[in-house]
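Read the structure below first, then the notes.
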Amino acid sequence: MDYNFKEIEAKWQKYWKEHKTFKAEIDHEKPKYYVLDMFPYPSGAGLHVGHPLGYIASDIYSRYKRLKGFNVLHPMGYDAYGLPAEQYAIQTGQHPAITTEKNIARYREQLGKLGFSFDLEREIITSEPNYYHWTQWTFIQLFEHWYCIRANAARPISLLIDIFNEQGNRKVKAECTETPIFTAEEWKAKSEKEQQEILMNYRLAYLSVTTVNWCPKLGTVLANDEVVNGLSERGGYPVERKPMLQWALRVSAYAERLLQGLETIDWTDSLKDMQRNWIGKSLGCEINFDIAPAVGAGSTCPNEQSTYPNEQGGQTPPLQIFTTRPDTIFGSTFMVLCPEHELVETITTPEQKQAVDDYVKWAKNRSERERQTEVNKITGVFTGCYAINPFNNQKIPIWIADYVLAGYGTGAIMAVPAHDSRDYKFAKHFNLPIIQVVEGGDISEEAFEAKDGTMINSDFINGMNVKNAIDAVVKKTEELGIGKGKINYRLRDATFSRQRYWGEPFPIYYKDGMPYALDEKDLPLLLPEVNKYLPTETGEPPLARAKNWTTKDGYPLETSTMPGFAGSSAYYLRYMDPHNSTGLVGQEAVDYWQTVDLYIGGTEHATGHLIYSRFWNKFLFDIGIAKTDEPFQKLINQGMIQGRSNFVYRIVGTNKFVSYNLRTNYEIQPLHVDISIVENDILDIEKFKQWMPDFANAEFILEDGKYVCGHEVEKMSKSFHNVQNPDDLVEKYGADTLRMYEMFLGPLEQSKPWDTQGIEGVFRFLKKVWRMYHQNDGEFFLSDEEPTERGLKVLHKTIRKIEDDTERFSFNTAVSAFMIAVNDLSDWKCNKRAILEPFAILLSPYAPHIAEELWNKCRGGVCPPGQVNPAPTGTISMEQYPKFEEKYVLENTFTYPISFNGKTRFMLELPIDMPNSEIEKSVLAHADTQKWLAGNAPKKVIVVPKKIVNVVV
RNA sequence: GCCCGGAUGGCGGAAUUGGUAGACGCGCUGGUCUCAAACACCAGUAUGGUUAAACAUGUGCCGGUUCGACCCCGGCUCCGGGUACCA
């Protein structure tokens with residue numbers, strides 16, 4: 001009987017499904033372990049071999065943990081809201097729900113064939129009402145909470161209202177939009193609408209007019225991480241900056257906690273670095289510069305002691321800037337405002353008004369892409385107005401330029417051309433003065449950006465080093481009351497509205513122009529039907545097309561929908577208790593499962609999903625839903641699997657194709673050829689002719705009667721015809737082979753090219769495993785003889801190696817260890833039950849179907865003659881997992897390489913516990929030692945126990 | 001530009017972190033079985049050298065530390081990923 005993987009795999013997949021083998025239930029007797037995969041967006045193209053890589057790894061680990069006695073939660077679901085299904089709906093009119101359902105069915109089928117140990121009853125789909133109910137619910141919580149700096153946590157809005165009623169907002173410390181101070185009396189005197197407007201400044205989910213990334217082609221707003229190089233991540237369409245009224249999440253309130261939290265979790269350093277950079281914390285100082293009074297064109301600033309500060313009082317507010325280098329303030333020779341800055345209009349002199357207006361208009365119309373591709377283009381305009389350096393009362397011209405961004409700091413800077421390259425280029429271009437204030441460096445050609453050195457030309461900080469100077473200036477600034485030390489983050493609040501159809505509707509209605517949350521009992525707010533998936537003629541989002549899109553009382557509902565990351569931000573919590581109809585997750589479930597212990601997924605989510613999810617979780621932690629502050633304790637990024645493309649070479653202007661090694665003799669054009677009609681780089685000419693009509697009459701120049709194709713490693717993509725479909729491979733080799741081969745390909749975290757040729761090796765290995773358990777005529781047979789010492793040693797070495805490798809996610813070396821073990825065992829035809837029974841169990845996380853089959857035959861006793869598949873008696877469980885016993889692998893001798901001056905000359909077997917001094921004696925006493933010493937006396941003998949002995953001559 | 005990674009045979013990759021570099025697999029070469037093929041099995045396979053060995057050279061490049069370096073330190077080159085007027 002041969003290794004019939006088709007029968008075996010179908011049988012066990014059916015068995016697992018029917019017996020709900022992997023159903024996870026709360027069990028306080030066992031420690032829990034939660035293994036999570038990043039759930040897929042089910043695209044129309046189906047899976048390629050790259051997708052299951054992480055799933056296979058997590059499945060191996062889940063199965064392994066179960067065998068080690070853990071109660072493992074290992075669920076799978078689908079991130080179902082997304083643009084492709086909606087774009088398809090716009091083109092074809094097919095409801096995105098139908099497309100999505102079809103795609104999910106295909107994904108389920110493909111994943112099902114790989115033998116994953118998912119708890120299928122916990123499957124969640126983000127577009128289903130019983131799931132998005134809780135996405136909407138969480139949004140309401142965000143809307144009804146604010147961030148209290150004193151508590152360093154989210155607090156209910158109702159509490160804030162109580163405080164306002166009692167004492168106004170003077171003492172409230174919140175992460176919020178800037179709000180004027182008011183007393184309790186003033187608060188009470190405000191109208192309902194005015195009060196709501198103020199509360200909006202505090203809410204964690206809030207509505208505000210912000211400059212957003214607008215993609216006209218997609219007809220929607222995008223988050224920062226959805227814009228790549230000024231183009232939309234999906235589709236690659238141009239993105240503009242446009243002010244719009246949008247929902248936003250106050251992610252920035254959690255910036256410090258998101259940063260601190262990284263210290264407590266087991267993620268790779270590179271991923272943590274990515275998040276740190278994205279959060280972009282910088283320590284600096286805010287300083288107010290007074291605006292010089294308008295004294296008319298051509299006038300000069302008086303050099304004597306200035307009387308400007310505060311003299312002109314309420315006329316013009318001071319100009320607030322942010323800098324990380326307050327030490328360089330004496331080198332500041334001009335100021336720069338962003339074109340959107342609110343002071344632009346106030347301070348511009350009549351003479352400069354035209355020029356400034358023109359510039360601001362030009363800057364506004366500049367697309368994001370232009371800005372990014374023309375970074376080196378230096379533009380700007382003088383306002384005609386001056387600021388006063390508070391430290392030396394120098395008059396400094398104020399310019400406007402779009403290299404200063406509105407969204408960061410205060411949207412205004414003090415430019416120090418000597419020590420900042422952008423300011424330097426600007427100063428050179430517009431011929432502005434440059435004053436060096438840090439010693440060293442040559443500023444004749446470029447800025448000197450050193451963060452270390454001695455201050456010069458800087459009044460009271462002269463002679464200090466940069467670090468002390470920064471402290472001194474911040475201190476002085478605070479004493480003078482003109483500024484303060486300040487921490488800035490690059491992380492912005494996330495825009496949360498999408499002008500699309502296929503997303504979660506907001507549980508929000510409008511009354512008197514102000515938004516209010518729906519009552520929780522009215523959830524879920526179902527996504528309505530629309531006749532078309534496009535925006536309305538008036539430019540409103542598609543939901544505005546829905547009939548009766550109002551509350552029962554007739555108040556209009558919000559027409560935008562939530563973005564893709566809404567549904568994926570807390571799905572891991574829902575898996576703990578997926579059918580709960582009274583809450584996102586029940587108390588008992590979250591108390592038991594706590595948090596995700598292992599999360600496996602791609603790096604592409606480093607600054608998107610993984611930031612939002614952490615934010616979302618921290619909020620849910622604050623309001624007592626999540627049990628831990630961080631959602632994912634350990635995270636592994638699986639590498640990408642690249643494609644291996646094949647090429648044919650067409651002689652230019654003909655329909656003749658020349659084989660790879662002869663191509664240099666002709667003028668040729670390489671063409672991608674579908675990898676399914678190429679085997680081991682040899683083209684199947686008949687299939688090629690049928691592949692495309694153009695090639696039906698193709699002629700070939702062959703080498704050795706074959707057409708050899710060229711190859712290259714590229715991204716796996718339809719257009720390169722290099723997509724490897726896992727179904728084909730499962731069909732040909734079986735799921736166990738595919739699983740082991742994907743692991744064998746290389747380290748999990750590394751990107752590597754797919755190479756189908758190597759899969760044969762793993763397939764041979766499994767066939768060999770199968771044969772070990774069968775006699776020559778193919779009948780199942782194990783000997784009940786006592787195992788040999790040697791066999792036990794192989795087994796226990798393998799147990800130790802597999803456990804070790806599995807624990808550190810080194811699955812590629814684990815597969816190698818299996819192969820070595822099988823080579824050793826089959827070398828002396830070891831078919832002892834005592835060895836092979838445990839071996840099957842050991843193999844089961846990696847190749848679960850064949851392992852179950854073999855193990856069941858072991859336990860089921862003799863397989864009746866002629867019967868292919870005896871009825872399964874059960875699955876491998878933790879009780880049967882073999883224990884590693886050191887006594888079998890203990891060595892009592894070690895064979896030392898004996899080196900002379902670092903060169904190994906002979907080997908010497910010595911007892912393992914021999915003390916160093918004895919080893920030294922034995923080596924010197926050995927006959928060969930004299931030969932290699934050649935009459936010299938040894939200078940030194942270095943003994944490294946269980947490693948090497950080196951004699952220095 | 002800045003921040004991370006990485007570079008080892010014809011190929012994918014090992015080397016339990018300073019101790020016999022190239023495990024394991026692919027590919028290739030030769031052999032056994034077969035009428036033949038497929039499957040399977042056996043042997044070989046870093047480079048130079050030799051009938052074979054001895055020996056010499058070898059982990060991107062240059063240098064250093066060490067009895068000993070793929071591994072640690074300094075200086076480069078190339079490749080991959082992230083990020084970018086963030087003051």
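Atom set for the values below is all heavy atoms of this structure, side chains included, hydrogens, waters and symmetry mates excluded. Lettering follows sequence order; numbering is per chain, from 1.
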For C26(B), does either OP1 or OP2 sit under 4.0 Å from a side-chain N or O belonging to Arg764(A)? yes
For a quick check, with a 4.0 angstrom heavy-atom cut-off, what is the B/S/- contact string for nucleotides 5-24 of chain B, read 5' to 3'? -------BSS----BB--BB
Among the nucleotides A40(B), A87(B), C67(B), whichever has the atom closest to the side chain of Lys767(A) is A40(B)
On a whole-Å scale, what distance lies between the P atoms belonging to U29(B) and A37(B)? 14 Å
A15(B) to G22(B) separation - P atoms, rounded to the nearest Å: 13 Å
With a 4.5 Å cut-off on side-chain heavy atoms, are Gln320(A) and Phe289(A) touching? no
Starting at the 5' end of RNA chain B, which residue's closest nucleotide do you reach first, Arg771(A) or Asp273(A)? Asp273(A)
Using atom C1' in both nucleotides, what's the gap between G9(B) and C28(B) to the nearest angstrom? 13 Å
Let me have the donor-acceptor pairs involving side chains of residues 331-339 of chain A, under 3.5 Å, with sequence neighbours excluded, atom names and distances please.
| unit_1 | atom_1 | unit_2 | atom_2 | d |
| --- | --- | --- | --- | --- |
| Ser332(A) | OG | Ala415(A) | O | 3.2 |
| Thr333(A) | OG1 | Pro433(A) | O | 2.8 |

d(NZ, Lys428(A); C1', C85(B)) in whole Å: 20 Å
If I pick the C1' atom on C55(B) and the same atom on C35(B), what distance separates them, to the nearest angstrom? 49 Å
Can you say whether the rings of Phe894(A) and Tyr896(A) are parallel (under 30°), tilted (30 to 60°) or perpendicular (over 60°)? perpendicular
Using atom P of each nucleotide, how far apart are A7(B) and A14(B) to the nearest Å? 9 Å
Between atom CG in Leu766(A) and atom P in A40(B), what is the gap in whole Å? 13 Å
Could you tell me how far apart Met274(A) (CE) and C3(B) (P) are, to the nearest whole angstrom? 15 Å
What nucleic acid atoms does Arg276(A) come within less than 4.0 Å of, heavy atoms only: base, sugar-phosphate, or nothing? nothing
Which listed nucleotide (A87(B), C67(B), G27(B)) is nearest to the side chain of Gln757(A)? G27(B)
Give the rounded distance in Å between these two atoms: CD of Glu340(A) and P of C85(B). 14 Å
Which whole number of Å gives the distance between the P atom of C62(B) and that of C67(B)? 23 Å
Report the residues that fulfil side-chain hydrogen bond (donor to acceptor under 3.5 Å, both in side chains) with Ser899(A), sequence neighbours left out, ordered by chain and then residue number. Thr904(A)
Judged by whether its glycosidic angle lies within 90° of 0, U17(B) is syn
Kindly write out the residues that satisfy side chain to side chain contact (heavy atoms under 4.5 Å, CB included) with Asn823(A), not counting sequence neighbours, or none if the list is empty. Lys768(A)
Applying side chain to side chain contact (heavy atoms under 4.5 Å, CB included) to Leu283(A) and not counting sequence neighbours gives Ile487(A)
Taking atom P in both A21(B) and G6(B), compute the distance separating them and give it to the nearest angstrom. 23 Å
Ser282(A) meets the side-chain hydrogen bond (donor to acceptor under 3.5 Å, both in side chains) criterion, sequence neighbours left out, with Tyr408(A)
Just to be sure I understand: a Watson-Crick pair is purine N1 to pyrimidine N3 plus N6-O4 or O6-N4, both under 3.5 Å. Using that and G-U wobbles, which stems of three or more pairs involve RNA chain B? B:1-7 with B:77-83, B:10-12 with B:24-26, B:27-32 with B:40-45, B:46-48 with B:55-57, B:60-64 with B:72-76
note: Ile321(A), atom CD1; A87(B), atom C1'; distance rounded to Å ~ 8 Å
Nearest whole angstrom, please: distance from the C1' of C67(B) to the CD of Glu920(A). 13 Å
Over 60° means perpendicular and under 30° means parallel, so classify the ring planes of Phe426(A) and Tyr403(A), tilted if in between. tilted
Side-chain N or O of Arg490(A) less than 4.0 angstrom from OP1 or OP2 on C2(B)? no
Which is it for G31(B), anti or syn, if anything within 90° of zero counts as syn? anti
Salt-bridge criterion met for Arg800(A) and Asp804(A) (N-O under 4.0 Å): no
Integer angstrom distance from the P of G81(B) to that of G13(B): 15 Å
Between Thr607(A) and Met414(A), name the one whose nearest nucleotide on RNA chain B is closer to the 5' end. Thr607(A)
Rounded to whole angstrom units, what separation is found between the CD atom of Glu760(A) and the C1' atom of A38(B)? 12 Å
Touch class at under 4.0 angstrom, heavy-atom based, for Arg800(A) against every strand present: nothing
Just to verify, what does Asp269(A) make a salt bridge (Lys or Arg N to Asp or Glu O under 4.0 Å) with, not counting sequence neighbours? none
Please report, rounded to the nearest Å, how far the P atom of A87(B) is from the CZ atom of Phe289(A). 17 Å
Residues at least two apart in sequence or cross-chain that pass side chain to side chain contact (heavy atoms under 4.5 Å, CB included) with Glu886(A), listed by chain then number, are Phe884(A), Val889(A), Leu890(A)
